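Remember, it's 1-based here, ligands and their atoms both numbered in the order they're listed. Small disclaimer: the values here were computed from a predicted structure and weren't measured. Index from 1, following the sequence. Keep in mind that the numbers below use all heavy atoms, side chains included, and drop hydrogens, waters and symmetry copies.
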Amino acid sequence: MGFFSKDIKTLDDLFVHTLQDIYYAEKQIEKALPKMIDKATDSELVAGFEKHLQETKGHIERLEEVFQMHGVSAKAVHCPAIDGILKEADEVAGDVEDKQVLDAALIASAQAVEHYEITRYGTLVVWAKQLGRDDCAAVLAENLREEEATDKKLTQLGEGRINLQAAE
Ligand code: FE
Ligand code: FE
């Protein structure tokens, strides 16, 4: 179903479609993070990815909760955007040999993923409120907060010793 397909008539339809989109994205991220953990060298980066893998499993559960609250079945729709971000992450990582440079590449890729999630959850929180679903908005805001915290943590790691070592 295309983003502007005729199946989406109302803001409610769009809200559900976007929930399905981020549900797909979270499941792809859940599959991608173990590969990023395997490739990462810096212990803090590995720990950060491991923590976010657990959080990502929680995001999927919260989304299932939101589907249920909204009275629709949990379903994923293909999201070419996250597929592209993850494919590029994989390709770049495959081209990097130096371990420190690889960590820098993994941070950059992970931040692209977080920013995608942040834009989706930001929109979903606003739409949920506009649809009078403050209950759904509150749950979605919990996911948004964890994505934002992860993005900040990655920025700190990137600004800190990992990129400095990569630049040596
Ligand atoms: Fe997430
Ligand atoms: Fe995330």
Side-chain angles (χ1 to χ4, degrees), residues 3 14-70 72-94 102-129 131 133-160 162-163:
F3 201 73
L14 190 59
F15 174 70
V16 171
H17 172 79
T18 307
L19 271 181
Q20 294 167 337
D21 169 296
I22 192 69
Y23 188 53
Y24 173 91
E26 291 283 14
K27 285 176 169 239
Q28 296 308 114
I29 295 163
E30 185 190 24
K31 279 191 235 165
L33 273 168
K35 293 185 232 161
M36 295 172 82
I37 290 166
D38 283 346
K39 286 178 191 153
T41 302
D42 180 87
S43 59
E44 232 186 303
L45 182 59
V46 171
F49 282 156
E50 278 169 348
K51 180 176 179 228
H52 201 54
L53 175 58
Q54 293 316 310
E55 287 175 341
T56 298
K57 291 177 195 292
H59 297 172
I60 291 168
E61 281 170 20
R62 285 199 194 107
L63 284 172
E64 286 165 355
E65 198 184 326
V66 172
F67 278 117
Q68 205 184 7
M69 287 160 102
H70 201 56
V72 290
S73 54
K75 190 185 111 183
V77 293
H78 180 225
C79 165
I82 198 69
D83 281 349
I85 291 170
L86 293 173
K87 185 167 177 270
E88 188 177 13
D90 221 41
E91 284 171 4
V92 172
L102 179 56
D103 277 354
L106 290 168
I107 290 172
S109 299
Q111 286 198 279
V113 171
E114 293 316 308
H115 282 233
Y116 180 74
E117 294 182 286
I118 289 166
T119 184
R120 283 290 177 254
Y121 283 121
T123 297
L124 281 165
V125 168
V126 171
W127 285 346
K129 286 181 187 161
L131 290 165
R133 297 310 306 251
D134 286 357
D135 53 345
C136 296
V139 177
L140 292 162
E142 288 180 53
N143 281 7
L144 176 60
R145 223 175 302 127
E146 287 180 355
E147 312 296 15
E148 286 171 340
T150 302
D151 180 49
K152 280 204 190 81
K153 177 77 190 160
L154 288 163
T155 296
Q156 283 166 9
L157 286 172
E159 285 174 348
I162 293 178
N163 283 4

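Side chains of Phe49 and Asp38 form no contact here, defined as non-hydrogen atoms less than 4.5 Å apart.
Between Glu91 and Lys87, at least one side-chain N (NZ, or NE/NH1/NH2) sits under 4.0 Å from a carboxylate O, which counts as a salt bridge.
If you put the vertex on the Fe ion (ligand 2), OE2 of Glu114 and NE2 of His52 sit 80° apart, to the nearest 10°. Vertex the Fe ion (ligand 1); arms to Glu26 OE2 and Glu117 OE2; angle rounded to 10 degrees, 90°.
Counting only N and O atoms by type, the side chains of Glu147 and His52 include a donor and acceptor under 3.5 Å apart.
The atom of Glu147 that is an N, O or S and sits closest to the Fe ion (ligand 2) is OE1. If you look at His59 and ask which of its N, O or S atoms sits nearest the Fe ion (ligand 1), the answer is ND1.
The two atoms that bring Ala40 and Asp103 nearest to each other are CA-OD1, 3.4 Å, heavy atoms only.
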